[in-house]
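Input: a single structure, listed below in structure tokens.
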Amino acid sequence: MKKNTRVFKFGGASLKDAQAIRHVGSILQDYAGESLLIVVSAIGKTTNALEKVAEAHARQNGMAQGLLDDIKAAHYLVMDALFPAGHGVYALVNDTFVEIEWVLEEEPHPNYDYMYDQIVSVGEVLSSHIVCAWLQQIGLPTQWLDARDIIRTDDMFREGWVQWDETVENAGRVVKPMLEAGGFVLTQGFIGSTSENFTTTLGREGSDYTAAIFSFCVDAASMTIWKDVPGVLTADPRLFENVLKLDRLSYKEAIEMTYYGARVIHPKTIKPLQNKSIPLYVKSFIEPSGAGTCISDEADDRYPPIVAVERGQALLSISTRDFSFVAEHHLSYLFQMIAEMRLQINMMQNSAISFNVCVNYIDDRVDRFAEKIKDQFKVIVERDLELYTIRHYHEDVLENLRRGKLMLLEERSSGNVQMVVKDMPLMVRRAQPLPGSKD
Ligand code: ADP
Ligand code: ASP
Ligand code: MG
């Protein structure tokens with residue numbers, strides 16, 4: 001495989017409309033002639049819109065086709081701004097929509113997750129055809145690659161697990177000759193397929209992970225994800241002011257902060273890169289000449305406080321019904337149930353008679369779990385919580401974050417703090433008591 005291949009990933013925000021796609025084209029002009037594998041997400045918020053189509057189809061509420069028509073119109077608007085009438089890309093996009101219309105004409109498949117993947121995966125197929133055609137039009141030879149021919153997963157729909165041996169073999173057989181032929185190769189993020197050729201998705205926001213899988217398979221020299229931020233920052237700028245850009249990060253630091261909610265990179269992205277020491281650059285598509293953040297082995301471990309916030313958390317307080325200790329056999333049973341329900345544990349603590357666990361509140365999984373164990377255990381579920389993870393904390397940062405929050409669970413270990421919190425309006429003494437109060 002060409003040693004100097006670089007892998008680039010462009011997310012939905014960088015492809016949100018025709019102008020954004022033109023801009024991506026202009027960034028890529030600087031790499032003309034290089035060995036480049038490009039991974040693209042769906043345009044803008046298409047995946048959210050497709051989720052609504054899948055939901056409507058499952059409910060048979062008569063809205064699915066209308067919702068799909070809106071997505072179609074948005075894609076035609078982008079194409080009309082980029083391509084002359086009759087361009088070949090129209091037929092490719094049209095065929096992709098027709099496939100979904102066939103799905104919508106049939107009864108909803110009993111396996112919701114399977115049906116979801118067949119519908120939601122088209123976002124990336126559409127965007128990849130459009131971006132590929134645009135690059136060809138501006139004189140950048142680009143070959144379109146179907147990621148489903150390369151990325152093999154198990155049949156856990158909506159959360160496909162990569163089958164690495166087959167994936168590496170497919171990439172060696174198909175992607176290697178494509179890269180050797182020269183020009184760019186462009187493919188879809190987020191999607192793969194089972195051994196029976198059914199489309200799967202890798203989990204929401206999974207395009208970063210796709211780029212890492214390809215980087216691993218082609219022994220990339222580096223991988224770059226192009227974002228709407230200057231690099232990895234000390235916290236999400238949408239939630240916090242006065243954040244700093246981190247110039248360098250270790251893989252370990254990156255994996256810890258993304259696992260606990262730093263949404264800038266999908267947490268699964270780091271491992272394949274770390275395994276082959278492939279540096280990951282996070283750069284701004286708005287300011288492409290900026291240095292961004294480099295994530296690699298070569299970073300020291302001195303960092304400023306870094307804050308990650310995971311929303312949509314639930315705290316389960318589980319206790320024995322008869323006041324007996326929460327012993328090993330209880331824990332073993334509880335963990336087995338947690339694994340069966342595919343709950344993701346973010347924090348836990350146990351005492352003599354109780355076990356507290358903070359998990360992502362996903363659909364009805366938490367309630368089904370509580371229902372399942374209720375004969376043996378008393379369970380209290382508290383929803384709508386946030387999990388703060390503060391790495392390399394200073395007391396004053398903690399002080400600031402705690403303001404207006406009720407702390408439900410806290411844990412400190414070697415410079416890091418995690419806390420599960422709930423909004424609590426700050427009480428302020430009235431300047432004048434209300435009439436009727438005794439003093
Ligand atoms: P993509 O277009 O690739 O899907 P995302 O929207 O998923 O991009 O990710 C970029 C966003 O991640 C930023 O706009 C920012 O709000 C958010 N973000 C969360 N945590 C951080 C962080 N620590 N540093 C930078 N950005 C962050
Ligand atoms: N389009 C998919 C999503 O929005 C994958 C991605 O963008 O990373 O979840
Ligand atoms: Mg994203």
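Given the structure is predicted, the values throughout are model-derived calculations rather than measurements. Remember, it's 1-based here, ligands and their atoms both numbered in the order they're listed.
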Which atoms of ligand 1 are found less than 4.0 Å from any heavy atom of [X]?
X	answer
Glu205	4 (O), 7 (O)
Gly11	1 (P), 2 (O), 3 (O)
Gly12	2 (O)

N or O contact, Asp228 vs ligand 1, cut-off under 3.5 Å
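Between Asp228 and ligand 1 (N or O atoms, distance only) the closest approach is under 3.5 Å.
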Option of least heavy-atom distance to atom 21 (C) of ligand 1 (set: Ile306, Val309, Val264)
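Minimum heavy-atom distance to atom 21 (C) of ligand 1 goes to Val264.
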Minimum distance, heavy atoms only, to atom 5 (C) of ligand 2: which one of Gly189, Gly11, Gly203, Ser207 is it?
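Looking at heavy atoms only, the winner is Ser207.
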The Mg ion (ligand 3) - name of the N/O/S atom of Glu205 that sits closest to it
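Considering only N, O and S atoms, Glu205 comes nearest to the Mg ion (ligand 3) through OE1.
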Does Val229 approach ligand 1 within less than 4.0 angstrom via side chain, backbone, both or neither, non-hydrogen atoms only?
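Only the side chain of Val229 comes within reach of ligand 1.
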Should Arg412 and Glu395 count as an ion pair when the cut-off is N to O under 4.0 Å?
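A salt bridge is present here (some side-chain N lies under 4.0 Å from a carboxylate O).
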Quick test of your reading of the model: are Asp219 and Lys276 salt-bridged, counting only N-O distances below 4.0 Å?
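A salt bridge links Asp219 with Lys276.
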Find all atoms of ligand 2 within a distance of less than 4.0 Å from any non-hydrogen atom belonging to Arg204, and give their numbers and elements.
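Listed by number with element: 3 (C), 4 (O), 9 (O).
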Interfacing atoms of ligand 2 (cut-off 4.0 Å, heavy-atom, Glu124):
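Listed by number with element, the hits are 1 (N), 2 (C), 5 (C).
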